[in-house]
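Take a look at the structure below.
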Amino acid sequence: MLRHIVELFAGFTMLTVTTLPLHSTEPLVPTRLRCEYLDNPIGLDAAHPRLSWIVTGEGRARRQTAYQIIVNTSESELRAGRGTLWDTGKVVSDATNPILYAGTELGSAKRAYWSVRVWDENDRPSAWSAVAFWETGLLAGSDWHGKWIARSVLAGAPHRVNTPPPLLRRSFKLDGPVRSARAYVVGLGYFELMVNGQRVGDHLLDPGYTRYDRRMLYVTHDVTGALQAGENVLGVMLGNGWFNVETLAVWLFDQAPWRATPRLLLELRVEYEDGRTVTIASDETWKTSEGPITFSSIYSGESYDARLEQPGWDAVGFDDRGWSPALVVDAPKGRLAAQAMHPIRLDRTMRPVAVTEPVPGVYVVDAGQNLTGNAELAFSAPTGTKVTLRYGESLGPGGRLDQSDMERFVQRRDPTQRVQTEDYTFKGQGLERWHSRFTYHGFRYIEITGAPHQLTADDIVIRFFHSAVPLAGEFECSNPLLNKIWQSGRWSYLSNLFGIPTDCPHREKNGWTADAHIACEQGLFYADGITVYQKWINDIADEQFITGALPGIVPTGGQWGYDFGSGPAWDSAFLIVPWHLYEYYGDNTLLRANYEGYKRYVDYLTTRAHDGILAIGLGDWAPWKTKTPEAVTDTGYYYRDARLVAMIAGWLGQKEDEAEYTALADSIREAFNRKFYDASGASYSIGSQTALGCALYQDLVDPTNRPRVLQSLVAAVAHSNHHLDFGLLGSKYVLNSLSAGGRADVAYAMVSQKTQPGWGWWMEQGATTLWEQWDGTESRNHTFFGDVNAWMMKSLAGIQVDPSAPGFSRVIIAPNPVGDLTSAKAHYDSVRGRISSEWKLENGVFELRIGIPANCVATVTLPVASSDIITEGGRGLDAIKGIVTLPSVGGRPVFEVGSGNYVFVVH
């Protein structure tokens, strides 16, 4: 389908606005400066980080024509206009992202201040931007001076040994006022850092989950304000997390090759006001003790006994003579890397909508929304009172919690194991507040037992948290059902973003690869999530076998996922997610960096193919009733991957590779059509929605046959009474292929159905998130059927990537007022700024309001006839400079406009 779109718009996508800007009385303003897609980050390990900004400006057709970046280690010198580390001079370019830093390398633990100015379409320079900065972390292994320490070592211990999270502390003195201080911390599996009795930062579940024998992430904290002259204390609480999974589940993380007791590597670097420096590092001088967390498991939950708390353990003046010296332990095998992504943070808190008591002493809390996080208890109870919380997303007979969908994946290996369960033992000292630290749950309902009084909503706070990616997009239309699908999809997506994109937050918490790449576009419309995806693509690269093979879940525990759960429909996330990042951000860094891995993967697929056809993995998972042969979808991704490798080879100047993989892709396409195409019926394989959608979406159909194959897909949808009949893969193919072929009306008819199967039927059953199965069984917080929301943005609101100009230097606006829709509106905060589209159809008059950011050009297709009367801002188009009429497409008028706000009205 990609080639089809490029061909469709090839006649006009490269045209530019030739008229002078309108109403541009002031220079442009550069703003939103970011480094590595983060605001003023510290602790980066990129020697040449990527810089970016956006420009804003009143008027129309505003554009950047040049830029200048200056970088300095001194903020005052930078403000004086001096770039001693880097001064690009005036660079003639409209680029704002990504600009690779090419100045003097900083070395470890150094800060660089930077600013940018730009020139506009009239060659007028802007003022210098506000000053931004980035700071390097520890760039080499030799920069670390600490030792790995732990409370205990259980070498060769049974897999079921529980390791309660330990406490570690270190007292030290500072003999003067502090100018700056940074703590570089690797606490595995998770950690919380305290300085002088105060928790540092607001991150949750740090560091991000990786395959620890390949890569470990360190987190950098600015602790300048927490230190004091004289006595100081560092305190660290560790959790098991994914580093020490003791739960026996089907994914075998209990057998992970890295598995060991929780451990810590920490380096505190302090600079005094007089320039002296001192380093405090983790070593055998630290002291350790057991803490109040008596059990901690990412799957099973957490137990906390408040009677075991040691008040002041992380503060000055605590008597630690009863504590043991920390043990120096072996370092995990993975290499250290900076955590350069948005951390997990608390999103919001809320009160339950209801608390029931289905049987005496058993309380069921209804959050009113399926989500991820935990609950905070807030009440008093006598000493020794033990309250148990069990989390789940469904209720069974009699209104009790139903955990059966989760239990079957855990209890098949040991039926005595608990899942998503917490308990808290009160110390009995007035009002107590508590929530778990080192686990999270997927739930709507919580069953609570052991409470000493009648529970109410005032006793419980629901905490929703996830990777704190900035929200980027919104959608709303006149159909309330679609609005609910949109909101449910976003809840599911955020609930499944925890440093990796996961499938479900309760049962598995695994990074299933197909779930991630199918859901990627919807996720990018929801949120600015590139930092999480970049980290996860590194995780995939870490998992690749030398043969090229990849697993179906990433990270793995070292075993599971290579023999089951993989195949090209899943593994292609390695290529497809970076491709979407390239489309939406204009950044091909990951595609270039992983080129050799991509070649190795496609070569591996070639060894498994027979006459150009591949059938080696999972196919159209979770279909309604028609199962499409895996060979269809596998071969489709095999073709797509070969084309992507050929494209990257061209970027890199690898001409032989480009020719080789282009020929391979052509041969796969020929084999696919030879094997599956039925010319007499213009159909593929069994004629299923997925098979036809796959052929169209993956651009496997000969251009002369596309109209007939599209009509076959329309007929297949009609045969299902305009209901869907596909699974995961078809959910990506069918809606997009219909809209690309001009049949958004058919796609809308499918999406707006309220009867089974469909998204609407889920909403009618009370869903607040998207589900895993069309019949409502299994997981009820799954993101993989969420691409429907990306379709709403692209086809209904009409905000689309222009394939000729990745990164939204150009955007396509092509709304579709279909079915019973009378209005739709959306916005998307792109790397060029906010793009908005809002239309309404009222009394036969169509009105479209669009907002195009500075430095962006839009191709606008109006869903009307070319002969209709069209005005903009109340005037005929002939009277308006800056609106360029382009050749019509499918009888629809097409225009090109520069930045600014526009109101098109069609009578």
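Every value quoted in this text rests on a predicted model; they were computed, and no experiment measured them.
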**Request:** Would you indicate whether Trp621, at its atom CH2, is surrounded by more than 12 heavy atoms from other residues, nucleotides or ligands within a distance under 6.0 Å?
**Result:** no
**Item:** NZ/NE/NH1/NH2 to OD/OE distance under 4.0 Å, Arg50 and Asp587
**Value:** yes
**Request:** Any chance you could measure Thr769, atom OG1, to Trp491, atom CH2, to the nearest 0.5 Å?
**Result:** 10.0 Å
**Item:** Arg408 with Glu778: basic N within carboxylate O range, under 4.0 Å
**Value:** yes
**Carboxylate-amine/guanidinium contact Asp787 Lys732, below 4.0 Å** = yes
**Message:** Tell me if the CG atom of Asp775 is crowded by more than 12 foreign heavy atoms within 6.0 Å.
**Reply:** yes
**Complete:** In terms of heavy-atom contacts, Gln403 and Tyr391 come closest through NE2-O, 2.8 Å
**Message:** Any salt bridge linking Arg437 with Glu192? Criterion: basic side-chain nitrogen under 4.0 Å from a carboxylate oxygen.
**Reply:** yes
**Basic-acidic side-chain contact under 4.0 Å: Arg413, Asp254** = yes
**Request:** Could you give me the CA-CA distance, side-chain angles and deciding distance for Trp570 and Tyr637, then say whether ring-ring contact (aromatic ring centres under 6.0 Å, His included) is met?
**Result:** CA-CA 9 Å; Trp570 261 245; Tyr637 283 107; 8.8 Å; no
**Item:** Six-ring centre of Trp771, Arg780 cation under 6.0 angstrom, axis tolerance 45°
**Value:** yes
**Request:** Take Tyr190 and Trp242 through the test side chain to side chain contact (heavy atoms under 4.5 Å, CB included) and record every step on the way to the result.
**Result:** CA-CA 8 Å; Tyr190 295 133; Trp242 291 97; 3.3 Å; yes
**Request:** Determine, for Arg507 against Glu772, whether the closest basic-nitrogen to carboxylate-oxygen distance falls under 4.0 angstrom.
**Result:** yes
**Asked** If every non-hydrogen atom of Gly612 is compared with every non-hydrogen atom of Ile668, which pair is closest and at what distance?
**Response** O-CG2, 4.0 Å
**Asked** Given Met793 and Glu521, is the side chain to side chain contact (heavy atoms under 4.5 Å, CB included) satisfied, shown in steps?
**Response** CA-CA 10 Å; Met793 289 287 281; Glu521 278 195 279; over 6 Å; no
**Prompt:** Can you name the nearest heavy-atom pair linking Trp258 to Gly557, along with the distance?
**Reply:** CH2-CA, 3.8 Å
**Asked** Closest heavy-atom contact between Gln544 and Phe574?
**Response** OE1-CE2, 3.8 Å
**Item:** Lys/Arg cation over aromatic Phe525: Lys794, 6.0 Å, 45° cone
**Value:** no
**Prompt:** Is the shortest distance from a Lys or Arg side-chain nitrogen in Glu393 or Arg444 to a carboxylate oxygen in the other one below 4.0 Å?
**Reply:** no
